[in-house]
Student: 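Structure below; questions to follow.
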Amino acid sequence: MADQENQMSVTEQGATVWLTGLPSAGKTTIAYALAERLRGEGHRVEVLDGDEIREFLSSGLGFSREDRDTNVQRIGFVSELLASNGVKVLVPVIAPYADSREAVRKRHQTEGTAYLEVHVATPVDVCAERDVKGLYAKQAAGAIKGLTGVDDPYEAPDSPDLRIETHQQGVQESAAALRSLLSERGLA
């Protein structure tokens, strides 16, 4: 019985995997591909999609630095709560400021919860070509201001746990690299 309980605690270890990068970099696509794979292996997984969080948890927040920081801290709190309860939490959220991401990492460290930062490092010109939500076109037309990486800052991680370059590898290859990182760290 003790061996069974130990085995369960190992497979139920949670972690937050924060995928940061520019809009249209591929963060959400990779997160959902990895989530499907992990669920297929029997892991408990949640994806905290940035757009959904903005709609349901952070409605009313704008895109000022203060509001972006508040949004990131809210997501960090929820992700740590889930991860500390045995869930693999995939967070495809831009989180443009290094100090905001570091505060989330420190929250996880304080609570003893695993945290990995993944930089989806897609060049801005590739993101603008993909333009999944039409943001780059709107910014170019002057319809919006403050687009991360164009006319608003994006502070890329200096030393992420993993850097994925989606302009050089596909979704499944990217998800596999992230799955390998989880294995290497004893998290899956």
Side-chain angles (χ1 to χ4, degrees), residues 2-21 25-59 61 67-121 154-164 166 171-172 174-188:
D3 286 337
Q4 189 177 15
E5 287 175 6
N6 286 340
Q7 180 66 19
M8 185 177 202
S9 67
V10 170
T11 57
E12 294 298 321
Q13 180 179 359
T16 293
V17 179
W18 198 291
L19 294 94
T20 180
K27 301 175 300 295
T28 303
T29 303
I30 294 167
Y32 279 107
L34 179 61
E36 181 179 339
R37 182 173 182 169
L38 290 172
R39 285 186 187 113
E41 296 171 4
H43 296 280
R44 296 169 51 204
V45 181
E46 287 295 332
V47 177
L48 298 182
D49 182 284
D51 293 333
E52 291 175 359
I53 295 293
R54 277 225 173 245
E55 182 178 350
F56 297 107
L57 185 63
S58 294
S59 65
L61 291 180
D67 283 356
R68 287 176 190 250
D69 184 59
T70 298
N71 185 50
V72 168
Q73 296 318 305
R74 287 178 183 176
I75 297 168
F77 173 79
V78 172
S79 66
E80 194 285 321
L81 183 65
L82 289 167
S84 69
N85 283 285
V87 178
K88 305 286 188 283
V89 186
L90 309 178
V91 185
V93 174
I94 295 169
Y97 300 108
D99 59 348
S100 294
R101 294 190 308 267
E102 185 58 26
V104 171
R105 178 187 296 278
K106 285 181 180 175
R107 168 185 289 283
H108 281 69
Q109 287 173 338
T110 298
E111 298 300 324
T113 305
Y115 177 89
L116 300 173
E117 183 177 68
V118 177
H119 182 205
V120 182
Y154 176 73
E155 298 169 356
D158 291 328
S159 54
D161 295 283
L162 178 66
R163 190 174 315 276
I164 295 174
T166 63
V171 173
Q172 293 308 318
S174 298
L178 191 41
R179 175 65 181 86
S180 292
L181 176 65
L182 289 169
S183 291
E184 289 168 15
R185 302 289 173 91
L187 299 170

Student: Restricting to non-hydrogen atoms, name the atom on G14 and the atom on L187 that form the minimum distance, rounded to 0.1 Å.
Tutor: O-CD2, 4.4 Å
Student: Tell me the closest heavy-atom pair linking H108 and A114, and the distance in Å.
Tutor: CD2-O, 3.7 Å
Student: Hey, is the main chain of Q13 close enough, under 3.5 Å, to the side chain of K88 for a donor-acceptor pair?
Tutor: yes
Student: I'd like to check the side-chain hydrogen bond (donor to acceptor under 3.5 Å, both in side chains) partners of D158; sequence neighbours left out, ordered by chain and number.
Tutor: none
Student: Looking only at non-hydrogen atoms, find the nearest pair between A83 and T113 and report the distance.
Tutor: CB-CG2, 3.5 Å
Student: Is the backbone of E155 close enough, under 3.5 Å, to the side chain of Y97 for a donor and an acceptor to pair up by distance?
Tutor: no
Student: Does the D161 side chain pair with the main chain of V118, one donor and one acceptor, at a distance under 3.5 Å?
Tutor: no
Student: Rounded at 0.5 Å granularity, tell me how far CZ in R101 sits from CD in Q73.
Tutor: 11.5 Å
Student: Under a 3.5 Å distance rule, please check whether S84 uses its side chain to pair with a backbone N or O of L81 as donor and acceptor.
Tutor: yes
Student: Calculate, to the nearest 0.5 Å, the distance between atoms CD and CZ belonging to Q172 and R179 respectively.
Tutor: 13.5 Å
Student: With a 4.5 Å heavy-atom cut-off, do Y115 and V104 have their side chains touching?
Tutor: yes
Student: Check side-chain hydrogen bond (donor to acceptor under 3.5 Å, both in side chains) between N85 and all other residues, then give those that pass, not counting sequence neighbours.
Tutor: none
Student: Set out, in order, the CA-CA distance, both residues' side-chain angles and the distance that settles side-chain contact (heavy atoms from CB on, under 4.5 Å) for I75 and V78, then state yes or no.
Tutor: CA-CA 5 Å; I75 297 168; V78 172; 5.9 Å; no
Student: Less than 4.5 Å apart, any side-chain heavy atom of L116 and any of L182?
Tutor: yes
Student: Is there a side-chain contact between S100 and R68 (heavy atoms, below 4.5 Å)?
Tutor: no
Student: Can you find a heavy atom in the side chain of L48 that is under 4.5 Å from one in the side chain of L57?
Tutor: no
Student: Tell me, with the steps shown, if I53 and R74 meet side-chain contact (heavy atoms from CB on, under 4.5 Å).
Tutor: CA-CA 9 Å; I53 295 293; R74 287 178 183 176; 5.8 Å; no
Student: Would you say the side chain of S58 lies within less than 4.5 Å of the side chain of T70, judging by non-hydrogen atoms?
Tutor: no
Student: Quick one: does V93's side chain get under 4.5 Å of K27's, heavy atoms only?
Tutor: no
Student: Which heavy-atom pair separates A25 from V120 by the least distance, and what is that distance?
Tutor: O-CG1, 3.5 Å
Student: Could you give the distance from CZ (R185) to CG (L162), rounded to the nearest 0.5 Å?
Tutor: 9.0 Å
Student: Please round to the nearest 0.5 Å and tell me the distance separating atom CH2 of W18 and atom CD1 of I94.
Tutor: 11.5 Å
Student: Mind listing the side-chain donor-acceptor pairs of residues 29-39 below 3.5 Å, one per line with the distance, residues two or more places apart or on another chain?
Tutor:
from : atom 1 : to  : atom 2 : distance (Å)
R39  : NH2    : V45 : O      : 3.0

Student: Taking all non-hydrogen atoms of both residues into account, name the closest pair between H119 and G21 and its distance.
Tutor: CD2-CA, 4.4 Å
Student: If you compare all heavy atoms of T16 against all heavy atoms of S79, which two are closest, and at what distance to 0.1 Å?
Tutor: OG1-O, 3.4 Å
